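Computed from a prediction, not measured in an experiment: that's the story for all the values here. When a residue number appears, it is its place in the shown sequence, counting from 1.
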Amino acid sequence: MNSMELVDLLVIVGYLLGIVGIGLFSVRKKKQTSEGYFLAGKSLSWAVIGASLFASNISTVHLVGLAESGFTDGILWGNFEWFSGIELLILAFVFIPFYLRTKITTLPQFLEKRYDSRSRVVLAIFSILAALFMHIGVSLYAGAVVFENVFGISIPVSIVIIALATGVYTIVGGLTSVVITEAVQTVILIAGSFTITLLAIYRLPEIGITSYEELKVAVDPDRLKIVSFDTAKTGFSFTDMLFGHLILGLWYWCTDQTIVQRVLGARSEKQAKLGALFAGFLKILPVFIMVIPGILAFALFRQEIGNDTKSVLPVMITQLMPIGLKGLMVAALLAAVMSSVAAAINSCSTLIVYDVFNKLKPNLPDRRKIFIGRVTGVVVLLSAVIWSPFLGNLGTIFELINQMFSILAPSIVAVFLLGILSSRGTANAAFYTLLIGSLFAASVFIVEKYLPIGGISNYISSPEGLGINWLKQTYLFFIFSSLLYAAISYFDKKDQVIFPGFYLKVRSPSTLVNWLSVGLILTMLVLYWTFY
């Protein structure tokens, strides 16, 4: 891929310049307010919210990883995409009404309204660390690897190029620039991935595959089973995936500032719910345009790829895409990394301004808030640029980071979900659940990774040990956190002061929201029946 054609290079450069231009153009001649900078003036419509949620979620790691998992294991990892539809429904019907009616700017602020300032501080720290080290750092490194493969530019230099291109419009324009560019990047992502899928299907007759049944035989029928896959081979069951991902997904889609900030900028509750549902429909696509291409690569390029499964997507781009379209696919990969980085930078700025500076000095003027937000964006981006090149020396960092999500997610989900469902939970319960629940999960993680027991590495998840895989650990951590929360609340005799009007009367969703929800559920049921 180093011998990139001039046409492809022009497509990529044109894309980078175009995205930066669109991001800056979206806020031209506008007098920015703090609400406009951090929440897009609460003017976002359903289409922009849904596309932005989708683009923020899909990173370069996502694109490369799903193709690799399709090649090695098949469609079963598509569960992680389709389960998101369930979690986005929960976002729409359970969380959005509370978030918008309490008029919050950040999710730590929401915990303060439900519990107290201690929980707000803890969640703010968790959220900033997650955005800096997980969302931005990993995305920059993965994007730089693509740049190195395409242009032969070193990873540190590639990281700087991507960071500059993304940082310019994100830091100047705020959330408005982020969501507008993400809407464009969603189109690029889908178009590039859809094109490579079609080209792979077009090549199948050349190797004698002309029907779906012949494809199943060629790749092993188990690769096209999403529920009844071989549990012994994978080490976990469909139930493990369902419940483990449910906890991770509720944290990610419903309680992570980087994602939920788009919803907080909605012009109305109806638009926010429709945006979440639109994202749920969009999350159906990755299985067909990101996972299945990996399965097709197994049929087409098994020999070329061999054991180097990280090269599945690069090989497909090289082998399938003609001049010009290669540039489009690289642009799609860059769209993935830029949208993820932009979302996390804006999230960090919002958290620092509202959960740190605004607490220290209430009633900061708008201009001051925007200035602090921009400075924060620069500092966060520089920090990520400095540390992300070291990812290459950490080997299993991507696997470790996926499992690190399961340290924070269970206790956060317990505190949010139980706090919304019941008024009995106390401030002490929330604070100690966040601390003790996360410390307990972190302790298990450390034992699992670094302290062999009885000579067995990964003793907790190993079949020779306890045999509790990391997905099962995730929902067991949630059960532990929930029981801890309930026990402390039961014995805590202090009066609980909850923000007045926190528990508001539930309004009936609009007819359109109801019908689309039913449509999303029915679509998912049909898909699972088809690929059972």
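Residues satisfying the side-chain hydrogen bond (donor to acceptor under 3.5 Å, both in side chains) test with W253, not counting sequence neighbours, are S84. In this view, D73 satisfies the salt bridge (Lys or Arg N to Asp or Glu O under 4.0 Å) rule with no residue, not counting sequence neighbours. With sequence neighbours excluded, the residues forming a salt bridge (Lys or Arg N to Asp or Glu O under 4.0 Å) with K472 are D240, listed by chain and number. Residues passing the side-chain hydrogen bond (donor to acceptor under 3.5 Å, both in side chains) test with Q271, sequence neighbours excluded: none. Residues satisfying the salt bridge (Lys or Arg N to Asp or Glu O under 4.0 Å) criterion with K359, sequence neighbours excluded, are E112. Applying the salt bridge (Lys or Arg N to Asp or Glu O under 4.0 Å) rule to D355 yields the partners R120; only residues at least two apart in sequence or on another chain are considered. Scanning for side-chain hydrogen bond (donor to acceptor under 3.5 Å, both in side chains) contacts around Y432 gives an empty result, with sequence neighbours left out. The side-chain hydrogen bond (donor to acceptor under 3.5 Å, both in side chains) check on T350 picks up Q261, with sequence neighbours excluded. F54 pairs by the ring-ring contact (aromatic ring centres under 6.0 Å, His included) definition with nothing, not counting sequence neighbours. Taking F491 as the reference, nothing meets the side-chain contact (heavy atoms from CB on, under 4.5 Å) condition, with sequence neighbours excluded.
Atom CD1 of residue I226 and atom CG of residue N79 lie 4.0 Å apart, to the nearest 0.5 angstrom.
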Identify each donor-acceptor pair in which a side-chain atom of residues 275-288 lies under 3.5 Å from a protein atom, sequence neighbours left out, and give them as a table.
residue, atom, partner, partner atom, Å
K283, NZ, N57, OD1, 2.4
K283, NZ, E81, OE1, 2.5

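Listed by first and then second residue, the salt bridge (charged side-chain N to carboxylate O under 4.0 Å, His left out) pairs that reach into residues 421-444 come to none, sequence neighbours excluded.
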For this session: Could you check F95 against W251 for ring-ring contact (aromatic ring centres under 6.0 Å, His included), going step by step and ending with a plain yes or no?
Result: CA-CA 11 Å; F95 288 92; W251 166 73; over 10 Å; no

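A donor-acceptor contact under 3.5 angstrom links the side chains of S347 and T258, judged on distance only.
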